Trainee: 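Got a structure for you, questions after.
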Amino acid sequence: MAEYETHDYDVIVSGAGGAGLRAAIEAKSRGLRTALICKSLLGKAHTVMAEGGIAAAMGNVYPEDNWQVHFRDTMRGGKMLNNWRMAQLHAQEAPERVQELEAWGALFDRTADGRILQRDFGGHRYARLAHVGDRTGLEMIRTLQQRAVALDVAVFMECKILRLLSDADGVISGAVGYWRATGDMVVFSAKAVVLATGGVGKSWKYTSNSWECTGDGHAMALWAGADLIDMECVQFHPTGMVWPLSVRGILVTEGVRGDGGVLRNAEGRRFMFDYVADMFREETADSEEEADRWYADHSAGRRPPELLPRDEVARAINTEVKAGRGSPHGGVFLDIASRRSPEYIRRRLPSMYHQFMELAGVDITAEPMEVGPTCHYMMGGVRVDAETGAATVPGLFVCGEAAGGMHGSNRLGGNSLSDLLVFGYRAGMGASDYAEGRTGTPAPNQAEIEHTVAEALAPFERDDGENPYELHHRLQDTMQDLVGIIRTGDELDQALERLDELVFLAGKVKVTGGRAYNPAWNLATDLPAMLTVSRCVTLGARDRRESRGGHTREDYPNADPEFGKVNLVQRQPSGGGMAEEIKIGPEPIPEMPPELAALFEEGH
Amino acid sequence: MAAEVVMRVWRGDSSGGAFAEYRLPAQEGEVVLDVVHRIQATQAGDLACRWNCKAGKCGSCSAEINGTPRLMCMTRMDQLPEGPVTVAPMRTFPIIRDLVTDVSFNFEVAKQVPPFAPPPRPEGGYRMAQVDIERGQEFCKCIECFMCQDVCHVIRDHEENKAHYAGPRFFIRFAELEMHPLDTNDRRELLRQREGLGLCNITKCCTEVCPEHIKITDNAIIPLKERVVDAAYDPVAWLGRTILRRRKASPNEAAAHGR
Amino acid sequence: MSVEGATITPVRLGGVRGGPAARTLRRDRWWVQPAISAVVLTAFVVYSTWAVFVNKDYYVGAAAHRDLISPFFSPCITASCVAGAHGTFLVITWWHITPALLILGGPLGFRLTCYYYRRAYYRAFWQSPPACAVADAHTRYTGETRFPLIFQNIHRYFFYIGLIFNVILTIDAVMAFRLPGDGGIGVSVGTLVLVVNAVLLWTYSLSCHAARHLCGGHVDAFSKHPVRHRLWRLLTPLNARHMQFAWVSLVFVALTDLYVRLVASGAFTDPKIF
Ligand SMILES: Cc1cc2nc3c(=O)[nH]c(=O)nc-3n(C[C@H](O)[C@H](O)[C@H](O)COP(=O)(O)OP(=O)(O)OC[C@H]3O[C@@H](n4cnc5c(N)ncnc54)[C@H](O)[C@@H]3O)c2cc1C
Ligand code: SF4
Ligand code: SF4
Ligand code: FES
Ligand code: FES
């Protein structure tokens, strides 16, 4: 049997985004031996890209704001598919978690009286997003990173986890992975494992997500026997860049619309007025004049339709483009140039200005931007216990974008960063408690290690086989074309067939060169997770025969109250792997206690 | 636009290397990272290169393009001069493979920075005015691309200085903390004695390469140098301290004065 | 060391670097900037040395109906100064070589220790580094940590001295409005030259980094020190142009000297404007 580099810890945290860092900080400050493992460098995780802010009902700008209002906004935004307890804890604890960041050195923008400033965002009743210009995620990750360094958390950078390991009793006891720099395998044994591996966007062609968002955590948890829920609920952000092709998908922040930008089609029409669903008609302006009054004074008019929830706007853009009224490169126009002064635009949206100037050669103070929907966020994820982040297999804890339930079928902007803090903290606590209570030394299953290593190294052995880049492109095309923003039963069936074929081909990938920092091989080891998650998304989308939040079925355009009461739960009962069978079925969502349910009856 | 792009990319590891030439059809609007990706997908699957966000936000994709440190994902091909484009790894750090370097030096230095030390949090949270944090906010824009560290001749051309030099990236971190209205630590002697602030000869290359346009030298290093002068070099201040028998303020005293 | 929580972790040295062992891979004309700096600085040094040592034609006095003094020679405080040029309350009798040498230490030290000029001459002359990502010309490097360069740290005292000179040169400029025997008070081209020179010297001094620190930059909580904050806000935009002020004021000092010199030598008469 081969010898591997081994490390033993009380708690290992896989993922160093906001969620993973927060969990590791908690475990370490409890005095546990803690390791933080991430597949890129520390501080580069996808969280760094977040722009708008962190939602927390601190009431610094609107004293009327409180956790109940935040809770209600979150549940409504998620079309009531959320785990109510998570949404409640999130709304209650977010303010404390944000204050904590400040005590660790974060420099949020201030109100006139020196408190944390909060800004407006779609779906939030009050200005609620604590922020730092348009780079909140950077501030958050840097603060947490520096805190973790100060606490001396052991960090394993550029170390990719391939699989979770369990002991003879099926309790999660460690993980196996490899160092990207050398390609050498490394085994961790641990009393508790936290997964905080982030999103899944890289399975789509046009996405705002970073390289790492390959759904490793979702897949590894599923393979290890955990339940996934709501995997069909993928958020497409309405405004991503569409041109040049090479930057297609990069996010254009919602702030552009919040600050006065409007959407127009090729005919110059502000088409969003044509897409106001009945549900929102009461609170949305019905003329351009009324909408324009709102920006200066929220009581002088109703909200412009450009600020409807993300799913609504994304669908509208999609329809315009399909009807042939799109921009030259297949998007629509987002115009702020004709509505605000150049100085205002440069001051309020500095990074958008630079992004378009440098990447597209477009001066957004003079010309409209071309935008279109881009794959942005995975609402679904590992089913967890709200209090502790515990997954359905013992010893495993999940937080951040990899966990499901918190956001229901659609996430509100700003609720993710707060989710990371609240549930990162809780998963850190949960894992620490579990580790402290666990007796004996964790003994990961050797056979599992051998099997994983052999599978990971197989692409080097083949003389002939598939190019991993090629497979990745095919996967992205499949998901983009068939499991995109608008779905139909036929296309989903077709997608499942293609995915099966890709799974088969992924078993025959071949790479050349050595193991040291070999991106082709790294990609080859990402493919199983991407394919697994893609299968889950497609299966969920096929079985949820309704439209709700981030999931839209052309053949079932309306929400179905019966589906509103269930999560679609997926698991692999007969062994974990990209090619193994996935079982999917509805299970009732936990019922809200009457005092919370009452919040929705008052008619607010 | 030329129909073809010619890339000279460094291939190699610690045992040596050389530029390899790749020719690809040109595509509109591409950045250097796109071209590197196309090389990976079609000609050299194992060409190592580090990247994450491809939007200039994470600071992973630093390399030396035509000899100057740049982010590959923010350097457009059509803005480079005609002719072959050379892409080499950052010079100051040991190579791992191809365009990927071992930047652990920076993570080691990060551990030496004494952390933020605020007074206990009052009920309802800290109060700070916007004007008090604006200087710090400029430094917080840093995406840790480490190109300033790479270009800084103090360690780029003098490896031995790494043992006692924090480098521009960490000077801005020190400046952020030193200028923080709530911080109670005094790091000036540390900067002078151990972190090599005096090694910087303010030649401003760090400022020139910073993709976040942070005025590293003017707004962080020089103010820090001036603060160190206050603490250590200013003869009048020193005389005053000696005559009045005043010790240097300890961190806690400084906090009590509200600074 | 009054630092709580500092841990010194040794960093690993060595390791093989990537890329070719070339001095630079830059293909642009990186040497242009340092070359220009070197040429202008050298020209200034050569000209000013010559001007100082010819030791004449630095003052246009009442005989020519003017009161113009070259900035290189002001204040002229030795007995050997030409009549009318020296002040009345401080006259040094034991100094016999050129009077400029006695006072030039002030402005020279100010410019030599200036953060901007340091950058310029470290790059242009010491070649350390000549340009960004171009290798240092020296194998050993200790920066400003040892004698003599450690004395760069007293720049703020040269700043104070510089302020004294600014006051004196401002007085000179005011005096230049006197046109004895040519209408009493008026304005000539020479007046304007001296005024512009004084203004440029003020902008240069006030944009100094030490000034920015002393007036308010040392404060952490601006909101508790509103006056210092106002001052700092005033100087900061000037400071951002310190480089421009440094060059313009340098060149103009030399031009001022040249102008006075030409008038004093009788090459032409200083035209009166009104
Ligand atoms: C452009 C953009 C803007 C956004 N703006 C906002 C906003 O304004 N407000 C908001 O609330 N949300 C925003 N979001 C969403 C939010 O940023 C993400 O949902 C959130 O950052 C996810 O954090 P995370 O901690 O779960 O994971 P990530 O930050 O994605 O981190 C994942 C970590 O896991 C590691 N990892 C992954 N796989 C492995 C493996 N196999 N082995 C080891 N390590 C692994 C990675 O290295 C990484 O460290 C935005 C997203 C984008 C793309
Ligand atoms: S200014 Fe100082 S820190 Fe910046 S590159 Fe030059 S020597 Fe290095
Ligand atoms: S200061 Fe600028 S150049 Fe240096 S690491 Fe930060 S972003 Fe990069
Ligand atoms: S890839 Fe993130 S900065 Fe270039
Ligand atoms: S005069 Fe240039 S910095 Fe002081």
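Atoms considered below: every heavy atom in the structure, side chains included; atoms not considered: hydrogens, waters and symmetry mates. Being a predicted model, the structure only gives us computed values, none of them experimental. Labels below follow one simple rule: chain letters A, B, ... track the order of the sequence lines, proteins then strands, and each chain is numbered from 1.
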Trainee: Hey, is the main chain of B:Cys142 close enough, under 3.5 Å, to the side chain of A:Arg142 for a donor-acceptor pair?
Mentor: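 Looks like yes, one N/O pair under 3.5 Å.
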Trainee: Tell me whether A:Arg110 contacts the main-chain N or O of B:Met128 through its side chain, where contact means a donor paired with an acceptor under 3.5 Å.
Mentor: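 Pair found, side chain donor or acceptor close to backbone of B:Met128.
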Trainee: Can you check whether A:Leu359's main-chain N or O pairs, donor with acceptor, with B:Arg76's side chain at less than 3.5 Å?
Mentor: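 Yes, the answer is positive, given that a donor and an acceptor are paired below the 3.5 Å cut-off.
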Trainee: With a 3.5 Å cut-off and no angle check, do the side chains of A:Ser40 and B:Asn52 form a donor-acceptor pair?
Mentor: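 Per modelled atom types, A:Ser40 and B:Asn52 side chains form a pair under 3.5 Å.
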Trainee: Looking at A:Ser246, A:Pro95, A:Gly105, which makes the most heavy-atom pairs under 4.5 Å with chain B?
Mentor: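 Of the candidates given, the most pairs with chain B belong to A:Ser246.
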Trainee: Over all heavy atoms of both residues, which pair between A:Tyr517 and B:Arg97 is shortest? Give the atoms and the distance, please.
Mentor: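 Shortest heavy-atom separation between A:Tyr517 and B:Arg97 comes out as O-NH2, 3.2 Å.
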Trainee: Which region of B:Arg50, side chain (C-beta onward) or backbone (N, CA, C, O), has a non-hydrogen atom less than 4.5 Å from a non-hydrogen atom of chain A, or is it both or neither?
Mentor: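 Answer is both: backbone and side chain atoms of B:Arg50 are under 4.5 Å from chain A.
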Trainee: Using the six-membered ring of B:Phe146, assess whether NZ or CZ of A:Lys44 lies under 6.0 Å from its centre and within 45 degrees of the ring axis.
Mentor: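 Yes, A:Lys44 sits over the ring of B:Phe146.
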Trainee: I'd like to verify something: which residue of A:Leu107, A:Val48, A:Asn60 has the highest number of heavy-atom pairs under 4.5 Å with chain B?
Mentor: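 Going by pairs under 4.5 Å, I would pick A:Leu107.
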Trainee: Counting N and O atoms only, with roles assigned by atom type, does the side chain of A:Tyr469 sit under 3.5 Å from a partner on the main chain of B:Gly45, one being a donor and the other an acceptor?
Mentor: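 The answer is yes, because a donor-acceptor pair under 3.5 Å joins these two groups.
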Trainee: Checking B:Ile133 against chain A: side chain, backbone, both or neither under 4.5 Å from a heavy atom?
Mentor: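 Both backbone and side chain.
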Trainee: Measure distances from B:Glu176 to the heavy atoms of chain A and classify the residue's part below 4.5 Å as side chain, backbone, both or neither.
Mentor: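 Just its side chain gets close to chain A.
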Trainee: What residue in A:Asp113, A:Val132, A:Asn522 has the most heavy-atom pairs under 4.5 Å with chain B?
Mentor: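 The residue among A:Asp113, A:Val132, A:Asn522 with the greatest pair count is A:Asp113.
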Trainee: Check whether A:Asn467 reaches the backbone of B:Ala41 with its side chain - one donor and one acceptor, N or O, closer than 3.5 Å.
Mentor: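 Such a contact is found between A:Asn467 side chain and B:Ala41 backbone.
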Trainee: For B:Arg121, is there an ion pair with A:Glu100 - N to carboxylate O distance below 4.0 angstrom?
Mentor: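 Here A:Glu100 does not pair with B:Arg121 in a salt bridge, since their nearest N and O are not under 4.0 Å apart.
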